Amino acid sequence: MRIVTLLMAAGCITSVLSTPAPALDLARAFAHCTGRYSALMEHQWLIRDPASRDTEQRRKRFADLIEAVVAPGQGAALMAMRIEAKMAQAALLFARDFSQDQALRHAAARASEAEIAACEMLLLQG
């Protein structure tokens, strides 16, 4: 069992190392943002925020960007990054809107806004 795990890890490392660094960095950033926007969109649906339509479009733009830069064999790793980012953003949004701790609410709001702002800077506004 350990050998299989080691071989799988070696395969992943080899795959990552064979991907050009700039493309991999872009793919990671796009996966991160796709996940963050997915969580924001779902949260907006939950609270019936009409901004969810714009958020859905941004999420789709990032998903399209991933497709444009993903290297063969990187799909699963990028999907894992998307899911991790989505879970992190969802936790921030939940804390921001539902925590009883006021300091936590403010910290979560700042962190959530900073993450989305970083993603916004990646989109070309036209």
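Note that the structure is predicted; figures quoted are calculated from it, not measured.
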Pairs involving residues 81-92, ordered by first then second residue, that meet salt bridge (Lys or Arg N to Asp or Glu O under 4.0 Å) (sequence neighbours left out):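 Listed by first then second residue: E42-K86.
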Which heavy-atom pair separates [X] from [Y] by the least distance, and what is that distance?
X    : Y    : result
L104 : A95  : CG-CB, 4.2 Å
A29  : L122 : CB-CD1, 4.0 Å
R96  : R105 : O-NE, 3.1 Å

[atom1] of [X] to [atom2] of [Y]: how many Å apart, nearest 0.5 Å?
X   : Y    : atom1 : atom2 : value
R58 : T34  : CZ    : OG1   : 13.5 Å
R61 : I66  : CZ    : CD1   : 14.0 Å
L65 : L123 : CG    : CG    : 7.0 Å

Pairing residues for D97 by the salt bridge (charged side-chain N to carboxylate O under 4.0 Å, His left out) criterion, not counting sequence neighbours: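 Applying salt bridge (charged side-chain N to carboxylate O under 4.0 Å, His left out) to D97 gives none.
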ring-ring contact (aromatic ring centres under 6.0 Å, His included) pairs, two or more places apart, involving residues 81-100: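 Every ring-ring contact (aromatic ring centres under 6.0 Å, His included) pair that includes a residue of residues 81-100, provided the two are not neighbours, is F94-F98.
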Quick one: which residue pairs count as a disulfide bond (SG atoms under 2.5 Å apart) with a foot in [range], not counting sequence neighbours?
range           : value
residues 50-107 : none
residues 36-96  : none
residues 70-117 : none
residues 33-94  : C33-C119

Aromatic ring pairing F30/F62, orientation class (parallel under 30°, perpendicular over 60°, tilted between):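 Ring orientation of F30 relative to F62: tilted.
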Test item: R36 and L92 side chains (from C-beta on) under 4.5 Å apart, heavy atoms: yes
pair R59-M41: side-chain heavy atoms closer than 4.5 Å: yes
Lys/Arg N to Asp/Glu carboxylate O, K60 vs D64, below 4.0 Å: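 A salt bridge is present here (some side-chain N lies under 4.0 Å from a carboxylate O).
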Sequence neighbours excluded, every pair satisfying side-chain hydrogen bond (donor to acceptor under 3.5 Å, both in side chains) that has a member inside residues 45-56: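 Checked against side-chain hydrogen bond (donor to acceptor under 3.5 Å, both in side chains) - neighbours excluded - the pairs reaching residues 45-56 are Q44-T55.
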Under 3.5 Å, which donor-acceptor pairs link side chains of residues 106-117 to any protein atom two or more places apart or in another chain?
{"from": "S112", "atom 1": "OG", "to": "Q89", "atom 2": "NE2", "distance (Å)": "2.8"}
{"from": "E115", "atom 1": "OE1", "to": "H32", "atom 2": "NE2", "distance (Å)": "2.9"}

Hydrophobic cluster partners of M87 (side-chain heavy atoms under 4.5 Å): M79, I83
